[in-house]
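Values below: every heavy atom of this structure, side chains too, minus hydrogens, waters and symmetry copies. Predicted model, so just to flag it, every value in this text is computed and none were measured.
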Amino acid sequence: MIIQIRKNMRMIRKICSDTIKIIAVCLLLMTYQIAYCQEYIMELPDNPVLMGNNPNTEKSLADDMILTLPFFDDFSYDSKYPSQELWCDKDVYVNRDYAYSPISIGVATFDALDETGVLYSRMYPGTYATADYLTSRPIRLDSIIGTDSRRLRPSDSVYLSFFFQPLKKYENEDPTMVNTNDSLCLEFFSSDSANYGWHTVWGIPRFAFSSIDTAANKGQHFIEVILPINDEMYFNKDFRFRFHNVATLPSSDQYPGWQSNAGRWNLDYIYIDYGRTMNDNYYRDVCFVSNATSFLKDYYAMPNRQFAASNNIYEMMVASISMAISNLDRRYNNVNYGFSVVNAKTGRQIWNYNSGIGNINPFYNPVSEIINGPKYYTPNIFPNVYPTSETDSSSFVITHVISETGLDFKENDTVRFRQDFFNYYAYDDGTPEFAYCLGEKTEAMVCERFKLNVADTLKAVKIYFTSLYGQTTSTYTLAVWNDSFSSPNSRVYQQDFEMYFDSINQSKYYRIVLDEPLVISTDYFPNLAFYVGLVKGRETPVSLGFDMSRNSSSVTFVNVDGTWMKSAKAGTVMIRPYIGGNIPPEEEGIGDVSSNNVKLRLYPNPVSNGYVTADLQGTECDNTLIIFDLCGNVCRRFDKVSLPYKMDVTGLEKGIYMVKSLSSNGTVSVAKMIIVK
């Protein structure tokens, strides 16, 4: 009996112990969920790279321009729009940010946004519709032009090939939950009188990125399609082809940012030629597949004064870089990889590297059926690659080049990165891929950690705000915290400011100038570490730019319940502190917001010519009005004027300008002005 009682007691103690463990784990999970349930990643509501851009300024060619074979485009060029030498529309977005492991650097992205970066007006929440088109210029399929000039026939084995992928979402998609109303389609155009018009030749419904079988696609995260063009009705002098996507806009309004981009696909490496076969899926091309990046270990940009003041430059620099290069051929190729660093201001080369000639394996070896993947060149980076004697506004262009002989495609052999040493810190590359959101019903804070090498002054902060559907005006608090054990501690500074969104002021960087510059010294900031971020009200949503090119979650902190925790989201919230020096004029896509909540009004806006009235309600003192172009150049200045005031803008070229009002009472306000002709 006693033995049985002891066994029962041991069992009870074990059950209690296990129960305590389970409760502890549950409490830990609950704490984790409470901390992170209000931190989530959304699709962007617009394309900030295209917004405010006039696509008509891009190079345009004659509408009757006709192409000959071969046709090739891998979108590796430095442009926002498809090459107008090959394509006759500008719907898709050409970029190097959205694709996961592209075939070569650069892709064309289909989405629900038009060429100016906003949602198509023909698309409605909860419904699906055709969104982007990518339409080729006419191609002569009636003749072969050149030394072998002759009539082209279906028997000449003409094939079109391309690679595509559904855009990888931030979180893995549930393959059973994708919207199969969305699709990507390909059409051929025939001018044959009996078959005149567009004919669908291929299409695929939306599927989850995670369902791509890389083993079945030669190790690629893109799927290759090869189609014959063998119908007689297409063999004429004005054959065309076009892709289009069908996209569904979200219908729920239960969360901020619900009306956002959708239906995104990436397209790469389009090739048409005669004399091909279904097995002609190797290409005599060696190309970059990854972006050039910063030589700084933690930042894309930082103040040169802080860089030069480091006691150990090695700690500021990466030990080596990694450049991915693909050989798309079926055989080995000899290549030479190298990079150079050039002072952007003087043009003087200050560093170069050359790997020497060597073999590079094919990405996929058809004989051994081995997936080699890209080759990674990892040259060491030495700390003295950047002179510490440069001024605080210095910039360097890093150019990476592949040199090879006898290969077909050359434009994807060069990539560049501009290393800036200006008076701000940047973890991000300036382009958001997603939106970082904090929930609407919770008072929350988010901030990033920065560390100086020498005492300096914080003068302003740039924060990338993305617009939310239905949001017009919101009030936030800019805050600065000091450090305690590598976590935010005391709030040292705070300043309320108001954000105003309208049809012009959408997703972009906004700059908040501190009412009083804050000295960052060891008196209040141990180890010269400080945290800059936002405090939002309980009913105020916030949506910030989120850059996926670098994971800065280890220096990003969020607080939704009184406790600071590191962010659970891999990426970078786009916050940039200005340190020391003068605050430069407004940059492209950047508008100042002031703490006085007084807005500068301009009317009429847009304006065709003549006069624009500037008005700042509640201001009775003298004002100075300055008109800047997007390069920061002063175009007009009106000193000591009373508002409202009619500004003469006669003679200014059409485009976008920034108007800044400086009042004698210290009020600063900025508005965007558009001049049309």
> Just by modelled atom types, is the Glu85 backbone N or O under 3.5 Å from a matching donor or acceptor in the Ser83 side chain?
Replying inline: yes
> Do you know which two heavy atoms are closest between Ser326 and Phe363, and how far apart they sit?
Replying inline: OG-CD1, 3.3 Å
>> Under a plain distance cut-off of 3.5 Å, with no hydrogens placed, do Ser161 and Tyr283 share a side-chain donor-acceptor pair?
In response: yes
> For Asn361, what residues pass the side-chain hydrogen bond (donor to acceptor under 3.5 Å, both in side chains) criterion, not counting sequence neighbours?
Replying inline: none
>> If you apply the rule side chain to side chain contact (heavy atoms under 4.5 Å, CB included), what do you find for Lys218 with Glu224, and how did you get there?
In response: CA-CA 9 Å; Lys218 299 187 297 185; Glu224 185 175 25; 3.8 Å; yes
> Quick check: does any side chain N or O of Asn343 sit under 3.5 Å from a backbone N or O of Ile350, one acting as donor and the other as acceptor?
Replying inline: no
> For the residue pair Phe164 and Trp265, does the interplanar ring angle fall in the parallel (under 30°), tilted (30 to 60°) or perpendicular (over 60°) class?
Replying inline: tilted
> Can you list the residues that meet the side-chain hydrogen bond (donor to acceptor under 3.5 Å, both in side chains) rule with Arg140, with sequence neighbours excluded?
Replying inline: Asp142
> Does Thr572 use its side chain to pair, donor to acceptor, with the backbone of Met574 at less than 3.5 Å?
Replying inline: no
> Stepwise, does the salt bridge (charged side-chain N to carboxylate O under 4.0 Å, His left out) test hold for Glu448 with Arg576?
Replying inline: CA-CA 9 Å; Glu448 287 180 337; Arg576 296 178 169 186; over 6 Å; no
>> Test your reading of the model: is there a side-chain donor-acceptor pair from Asn291 to the backbone of Arg96, 3.5 Å cut-off?
In response: yes
>> I'd like to know whether NZ of Lys237 has more than 12 heavy-atom contacts from other residues, nucleotides or ligands below 6.0 angstrom.
In response: no
> Of all heavy-atom pairs between Ala247 and Gly263, which one has the smallest distance, and what is that distance?
Replying inline: CB-CA, 3.8 Å
> Would you say Gln220's side chain and Ala215's backbone share a donor-acceptor pair under 3.5 angstrom?
Replying inline: no
>> The criterion is side-chain contact (heavy atoms from CB on, under 4.5 Å); which residues satisfy it with Tyr314, sequence neighbours excluded?
In response: Asn312, Pro383
>> Any side-chain to backbone donor/acceptor pair from Gln419 onto Tyr300? Under 3.5 Å, distance only.
In response: yes
> Among Tyr377, Tyr353, Tyr337, whose side chain to side chain donor-acceptor pair (under 3.5 Å) with His400 holds?
Replying inline: Tyr337
> Going by the angle between their ring planes, with limits at 30° and 60°, are Phe421 and Phe396 parallel, tilted or perpendicular?
Replying inline: perpendicular
> Between Asp547 and Tyr464, do the side chains contain an N or O donor and an N or O acceptor separated by less than 3.5 Å?
Replying inline: no
> Does the side chain to side chain contact (heavy atoms under 4.5 Å, CB included) test come out yes or no for Asp429 and Asp97, once each step is laid out?
Replying inline: CA-CA 10 Å; Asp429 68 359; Asp97 299 298; 3.9 Å; yes
> Side chain of Asp46, backbone of Gly117: donor and acceptor closer than 3.5 Å?
Replying inline: no
>> Which label fits Phe450 and Tyr299: parallel for a plane angle under 30°, tilted from 30 to 60°, or perpendicular past 60°?
In response: parallel
> Ignoring hydrogens and geometry, is there a side-chain-to-backbone donor-acceptor pair from Asn217 to Gly219 under 3.5 Å?
Replying inline: no
